[in-house]
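Here is the structure we will look at, set down as structure tokens.
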Amino acid sequence: MARTVLVVDHDPGMLRVLATLLDLDDLTVATASSAEEALRRLATVQPDVVLAAATLPDVGGFELAGRLKAQRPAVTVVVLGDSASGPAASACDACLPTPFSPLELVATVSG
Amino acid sequence: MDPALGHEVERLHQQLQLFAADFQRLLSDHRARRREAEDALRELSASYLTTVRTLALVTEMKDGYTRSHLDRTYQYALRLAQRVAPELAADARYGYGFLLHDIGKVGIPDAILNKPGRLDAHEWRVMQTHPLVGVQLVEPIRFLGDAVTIIKSHHERWDGRGYPEGLAGEAIHLGARIFSVVDTWDAMTTTRPYRQALPLHAALEEIEDHAGTQFDPDVARAFVTLCEELDIADHGPDNLTMVR
């Protein structure tokens, strides 16, 4: 069964790049352009994976990871960007530094 | 340039470089897999051909013909196909059809198949079942494709007076029209228990004479031209370079 990935990035160009990259046979892609929108979309989208940019204008990717995990403990959260430290960083399942390898990104998201 | 903008451009270049590196890796993998697939396909094609040829030899031996008859008709038919329809001749299934044309003869009793004399009406009817027996035998072999139609129709005639379906003109598969000329030519120029071989030039005249009645006129003419070019009438039917 296809896994659903919710991609969160405030840069529309990068959002398109990531959505295109992950548009594979075994993945369904949904997008959100802010942390707030991502949390709102949980009402309609049941993501298996959330791929979030580390830097989002409202809430950063690591903090978003914590909030997502609080609502959906089973969801896998991958943060894209320079890794953070502290309790927030531990909420995500994986962190991919930028610039990233597309193949590595696909492998991480596909599980 | 604004330092912040310069930094952003630099990051984009780095990102692009990673996309390029991954793309290059995928392309290399893809090419390697394609080469592997092509090698496997070549090997498989060779195995198919060997299998088909072995199967064909079983029939030809039962029919009292020799291996050289099979090789000769196969080579002639391929040559003629290349002349008449080069794009189709490259299709291996034509070759399979040429090789297996008489496979149905395994279902014909030896007493009829190798009778040293003319067949009576009943025997002739039994003999004429061999194309359809052949079809029944090989139809389940999927890779044969159009070869099955060549097997079925190689005794059809351009004027519709052939068998088993009485098809006429272009309703007959081109491969069968090609093979019909070659098979008749080879039968005429081979000594069988019940008759002597015709001289080669006389056999060629027969082919010419039956263009438009027994044979597709274009195919028959192409065959005559091919034989003339190869000096077959003067130097014998083996004056043909093997094409495969």
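So that the names make sense, note that chain A is the first sequence line, chain B the second, and so on, each numbered from 1. Basis for what follows: all heavy atoms, side chains included, without hydrogens, waters or symmetry-related copies.
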Practice prompt. Verify the neighbour count for atom CD of B/Glu38: are there more than 12 heavy atoms of other residues, nucleotides or ligands below 6.0 Å?
Written response: yes
Practice prompt. Give, as side chain, backbone, both or neither, the part of B/Leu26 having an atom under 4.5 angstrom from any heavy atom of chain A.
Written response: side chain
Item to complete: Would you indicate whether B/Glu170, at its atom CD, is surrounded by more than 12 heavy atoms from other residues, nucleotides or ligands within a distance under 6.0 Å?
Response: no
Give me a line-by-line list of donor-acceptor atom pairs from chain B to chain A that are under 3.5 Å apart, or tell me none exist.
unit_1, atom_1, unit_2, atom_2, d
B/Arg11, NH2, A/Thr98, OG1, 2.7
B/Gln15, OE1, A/Phe100, N, 3.0
B/Gln15, NE2, A/Phe100, O, 2.7
B/Asp22, OD2, A/Ser101, OG, 2.8
B/Asp22, OD2, A/Leu103, N, 2.6

Practice prompt. Please say whether more than 12 non-hydrogen atoms of neighbouring residues, nucleotides or ligands are located less than 6.0 Å from CZ in B/Phe23.
Written response: no
Practice prompt. Give the minimum heavy-atom separation between A/Val17 and B/Phe19, together with the two atoms involved.
Written response: CG1-CZ, 3.8 Å
Worksheet item: Do you know which of B/Leu12, B/Leu18, B/Leu16 has the most heavy-atom pairs under 4.5 Å to chain A?
Response: B/Leu18
